[in-house]
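Just so you know, these numbers use all the heavy atoms, side chains as well, and skip hydrogens, waters and symmetry mates. Note on naming: letters A, B, ... go to the chains in the order of the sequence lines (proteins, then strands), and numbering restarts at 1 for each one.
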Amino acid sequence: MSGLTKVLVANRGEIALRVIRACFDEGVRSVLTVSEADRDSLPARTADEVVVIGPASTSLSYLSVGAVVSAALFTGCDGLHPGYGFLSERPELAEACARLGVSFIGPSGDTIRRGGDKIAARELARSLGIPIGAGSGAITDVAQAAAVAAEVGYPVLLKAADGGGGRGMLLVGSAEDLPSAVERAGAEARAAFGDGRLYVEHFVDDARHVEVQILADAHGNLVHLGDRDCSYQRRYQKLVEEAPAIAVPAPLRRAIAEAAVTLMRALDYVGAGTVEFLVDERTGTFSFLEVNTRVQVEHPVTEMVTGIDIVREQLRITAGERLSITQDDVTFTGHAIEFRINAEDPYADFAPSPGLLDVWLPPAGAGLRTDSHCHPGYRVPAHYDSLLAKLICHGADRAAALALATRALDAFRVEGVATTLPLHRGLIRHADVRAHRVITRWVEQTFLPAWSRGLAHAAPAQESH
Amino acid sequence: MSGLTKVLVANRGEIALRVIRACFDEGVRSVLTVSEADRDSLPARTADEVVVIGPASTSLSYLSVGAVVSAALFTGCDGLHPGYGFLSERPELAEACARLGVSFIGPSGDTIRRGGDKIAARELARSLGIPIGAGSGAITDVAQAAAVAAEVGYPVLLKAADGGGGRGMLLVGSAEDLPSAVERAGAEARAAFGDGRLYVEHFVDDARHVEVQILADAHGNLVHLGDRDCSYQRRYQKLVEEAPAIAVPAPLRRAIAEAAVTLMRALDYVGAGTVEFLVDERTGTFSFLEVNTRVQVEHPVTEMVTGIDIVREQLRITAGERLSITQDDVTFTGHAIEFRINAEDPYADFAPSPGLLDVWLPPAGAGLRTDSHCHPGYRVPAHYDSLLAKLICHGADRAAALALATRALDAFRVEGVATTLPLHRGLIRHADVRAHRVITRWVEQTFLPAWSRGLAHAAPAQESH
Amino acid sequence: MGVEYRQIAAVLAAFEQGDWDEIHLSSDGVELHLSVEASANAARTWDVSLPVEPSVTATSGVATEVPATRPVAAEMVAAGADTVPAPSPGIFWRAARPGAPPFAEVGDRVSAGDTLCIIELMKLMNHVAAPVAGTVVEAPVGNGQQVEQGDVLFRIRPDDA
Amino acid sequence: MGVEYRQIAAVLAAFEQGDWDEIHLSSDGVELHLSVEASANAARTWDVSLPVEPSVTATSGVATEVPATRPVAAEMVAAGADTVPAPSPGIFWRAARPGAPPFAEVGDRVSAGDTLCIIELMKLMNHVAAPVAGTVVEAPVGNGQQVEQGDVLFRIRPDDA
């Protein structure tokens, strides 16, 4: 744990490029793992070295612990950054790295197990006096699920113990739908995560998704970098994120940040991580959701308002350095909003849209940042997820950030594949967004139905897609 | 002079893109003038509107006052930004704009005449008590030139009264070379600038080129944004620029800044402009060189150390706004260095190298900024100047900026055309650069001869070019 | 830079300890291929090849076209059989997950609506259902292969044919 | 957006006042062409054409190849004449500046070393000298045309031929 000279970037897409650039900033060499499909990607051209670890199929490349760890040894890396997704929250990878003398850029395998298992983390939070949503521990059959659901009240959410990023979740409105839902969710969780354990939670109607960014070094220093509001969601997938979470009353925000710090301290957390909470708008209370033991997609909004480079901090922490900041040093300037530009067609039920980027022209200007691996002529592959870019807009306050975002989204030109840009352009102009009234159901229940009706009545869409 | 809603960007290349983005930042629409050769350029794709003003040949497009002014009227622009070069210092353009109700983003035609004419500006400086180099007013024949040269001592520089950017200058070592030189310089000046007037100056051996950036509004407020050291030159063309000019003793720097402010006040200057000086290292004195009544290529180094966006300030000043800063508000953070990446082959006497950019991959990271209109697949045209990009490196101090620059230059990948990157990579590692000992003759007299010998002795150059 | 002997040795040692079946890496012209036979006592084999191909770091800034895999010619229609085309481009999966039994193999009887395969498109798993009841007579696409929209995934001889 | 009538009127008014010979603008599908005859009392003419071509804002992110101008076929060599090839790509200029007399025209006698033309390459003006004394028999490149390296600029019949 002292010094890093060469880091394996075990990921792809925008986060791979983000990590490669942080390595450059830290003066550390970067080696990128690529599948056969990504050999010519922009991250591959930007990294100092490249190692091909397998075919396009993720299970044989980016999801193979053996391939990734071998690649680190093969190229003489002393560190490994897993990015997000793929193997980033697999304790086996952290443990293999530890065994083979490669510094894993993230917490220990043990911390990942204790924090990443949703049911264990709920129990830990409860034991620390942190509110958790009404719900169950692990359930194994329909009868158990029905008992819990009856107790906490419908609607309920079925969640996979090993899920994450919104995957493995199912909303159940009534008792009669429960049996088939338990069966389906269990099968899906087994298929996706190799672990069929589920748990049941009461579904909060008017909820905001609020999360707290944590940084902790190996010397016992831990700070939080404030909160993010990630309530813009579709199918439990985040679409837009804001920082700070100013729509939540200040006393509640302070309590949430304290809870996050308490929980991460109890996990002996080292590295960058996030604690997610649900805020019930009606009752003005919050409850713990889960811990993410990795850098998150939406980390840039926090970087924009704090001026702290979270990925560089990850590298320094792994190199054994002490945090250069105390909690008092963390200050917040302005407001930031991030938009996920996905290769999905919002006019066609968000159908994935791989293909050739004929035109790719992100806006650039003061307060704007685009994190992306795309370029004109890039062929978006069918094998991987649909995130093309994150557009981050920073203003002196939320109104300024929204005004900038409106112009930036209008100026963002993409042709060749359908993207979620038109959705964001509609969203940013909506009165509820302007008034900061967005709760987790809002996109699906309020915005999308009206937006689709508006499209049906309007002239043919101008956006080429 | 109140408000700007739509600005004609009457230029091309990196500065066109720079101005387009400043317009975006200010919420002003941009219209780009393009020649037939630039219709598909990155600036053309980025601007809100495009107007084709003529064929590739500059005299029929970018250098045509009529075409440019008509384009502003044609597209309904209320402002016109001339960038640098081309028509930027032509009083006729500023006057045509004023006559036709288009706000020229720069000083008045009268100020351009009084500041841009080298001989008139020298006289003004002298009248204000600002030191000027030993030399003449306008000379019209060899006899006059010989008399002045004999008085100030050889070597002397012949300069065109209407020259600029190093063009129209000729170094004369002895009296016998003078007659043919006067004839040649006069003919060149007539051909290039339509004005054959020359003047003669004593050539200072150990000189640094130091210049001061000025901002002035239309309400009588004027500030300077500190100095730049532009002593890295080849054939009077700047290659590298630094800010601030810390190699010059502080009392001298203060006197130079004061002289710049005094001169620009006397010109009733409005807008962004620069006053250039020569610092004699042996005597510790300075002398006035010339005024540039436009934004300069090297303005980003000042932006990096002051945090002030000079092009946005130009737009605001033209919109009639007051400067938002006083002299006390201008503070300096760290050190910045800019490298001009030109399409020239430093291994072949800087032969121009137009062609197709097969690979174009600038580095990116903290403290780095690349201003460029290039992209992979861009065909560098033969018609225009060779500037492909400016790489600007900002560090906490000069040593940090140099260290960052070394890594950034190494990481900058270009294939398809020869560039000055290998030159910069050699230059940045030179002991004289590290020790900040570079004077205006250094590149040509010290660096290049040794570098070329080194290449001849070394293995074949690794750089593809 | 490049790959040194001790780095290859480190991979070998890790492979000996790990429970991995096969590792294939290439970087900077060095290829490393390690595999173990499925049978319990089989010897582990390894194979290192030194620079043969140019550096894998691509040198072109212009993206190259990735040719799509087009498994079968549409004209080779089995007489009297219905075709099941790919509803979108994507990756063809025979089974719900690695190791699971295939949804449908040649010779299987299927009912209308039965899942025949999954087409994975940018992490979205689309189940492809049998359009008719019948017998699978052809399944030309290999597991994990990329298909384009309209490619024939299966041919089914309807029960009433 | 686009071009409105009053904007075109503004250009016309400016053209009437200005001392410009010719203005040709196009934006967003509207073309405007103004010209004045060289003779003193000639009427000024103007011509506005409404959308004919697609917007000039290019829509492709991939650069297109600009075909080089290749003025003459190399095989058409005038018998007994020496050719003067372009030393580099660039722009061909017949004269030192617009309006100046051409350096060399067909029929002119030139001496070895005389400047025949200027090739402008990225603002660098390269004088091209006659390789032999003789008579210019062909000058196939138009003023301001782009040439590629090796393109024939002149043919000269040597005095001793």
Side-chain angles (χ1 to χ4, degrees), chain A residues 6 29 31 33-34 37 39-41 44-45 47-60 64-67 69-76 96 99-101 167 187 190-192 194 342-344 350-357 375-386, chain C residues 1-4 6-15 17-28 30-32 34 48 55-66 68 87-91 93 95-98 100 118-126 143-148:
Chain A
K6 195 171 176 185
R29 285 185 68 79
V31 182
T33 59
V34 296
R39 290 169 78 119
D40 192 37
S41 70
R45 285 183 243 150
D48 291 316
E49 296 176 36
V50 170
V51 52
V52 183
I53 57 167
S57 174
T58 52
S59 59
L60 298 171
S64 163
V65 172
V69 170
S70 301
L73 299 172
F74 189 54
T75 54
R99 198 168 59 239
L100 297 165
R167 291 174 66 204
R190 255 189 311 280
N342 295 331
E344 296 169 7
F350 294 82
S353 173
L356 183 69
L357 289 174
H375 56 85
Y378 177 59
R379 185 172 284 281
V380 180
H383 306 80
Y384 308 112
D385 79 18
S386 63
Chain C
M1 311 311 129
V3 176
E4 296 168 19
R6 62 177 176 78
Q7 294 166 3
I8 294 171
V11 178
L12 291 177
F15 190 72
Q17 295 165 30
D19 56 351
W20 314 321
D21 291 339
E22 189 169 359
I23 297 290
H24 191 118
L25 305 172
S26 71
S27 182
D28 214 12
V30 181
E31 287 215 26
L32 178 64
L34 306 176
V48 180
S55 164
V56 297
T57 305
T59 53
S60 168
V62 179
T64 50
E65 293 272 321
V66 180
S88 74
I91 322 302
W93 297 112
R97 60 182 176 280
I118 288 173
I119 297 295
E120 175 185 353
L121 180 58
M122 305 186 95
K123 304 288 102 192
L124 211 71
M125 301 294 176
N126 294 309
N143 198 44
Q145 254 190 308
Q146 185 169 344
V147 296
E148 294 301 314

Practice problem: Walk me through it: do C/Trp20 and A/Ser64 pass the test side chain to side chain contact (heavy atoms under 4.5 Å, CB included)? | Solution: CA-CA 9 Å; C/Trp20 314 321; A/Ser64 163; over 6 Å; no

Measure across [X] and [Y] and return the closest heavy-atom pair with its distance rounded to 0.1 Å.
X: C/Gln146; Y: A/Ala382; value: NE2-CB, 4.2 Å
X: A/His383; Y: C/Ile91; value: CD2-CD1, 3.0 Å
X: C/Met122; Y: A/Ser353; value: SD-N, 3.8 Å

Quiz prompt | The single option from A/Val52, A/Thr33, A/Val51 passing side chain to side chain contact (heavy atoms under 4.5 Å, CB included) against C/Ser27 | solution =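 That would be A/Val51.
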
Inter-residue atom distance [X].[atom1] - [Y].[atom2], 0.5 Å rounding:
X: C/Ile8; Y: A/Phe74; atom1: CD1; atom2: CZ; result: 5.5 Å
X: A/Tyr384; Y: C/Glu120; atom1: OH; atom2: CD; result: 9.5 Å
X: A/Ile53; Y: C/His24; atom1: CD1; atom2: NE2; result: 12.0 Å
X: A/Ser386; Y: C/Leu121; atom1: OG; atom2: CG; result: 9.0 Å
X: A/Thr75; Y: C/Gln7; atom1: OG1; atom2: CD; result: 6.5 Å

Which atoms of [X] are under 4.5 Å from chain C, going by heavy atoms: the side chain, the backbone, both sets, or neither?
X: A/Ser57; value: side chain
X: A/Ala187; value: neither
X: A/Val31; value: neither
X: A/Pro381; value: backbone

Quiz prompt | Check against side chain to side chain contact (heavy atoms under 4.5 Å, CB included), C/Glu22 and A/Leu60 | solution = CA-CA 10 Å; C/Glu22 189 169 359; A/Leu60 298 171; over 6 Å; no

Exercise. Would you please test C/Lys123 and A/Asp385 for side chain to side chain contact (heavy atoms under 4.5 Å, CB included) and show each step?
Key: CA-CA 5 Å; C/Lys123 304 288 102 192; A/Asp385 79 18; 3.6 Å; yes

Quiz item: Where on C/Leu124 is there a heavy atom nearer than 4.5 Å to chain A: the side chain, the backbone, both, or neither?
Solution: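 The side chain, not the backbone.
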
Quiz item: Contact part of C/Leu25 toward chain A, heavy-atom cut-off under 4.5 Å: side chain, backbone, both or neither?
Solution: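 Contact with chain A is through both the backbone and side chain of C/Leu25.
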
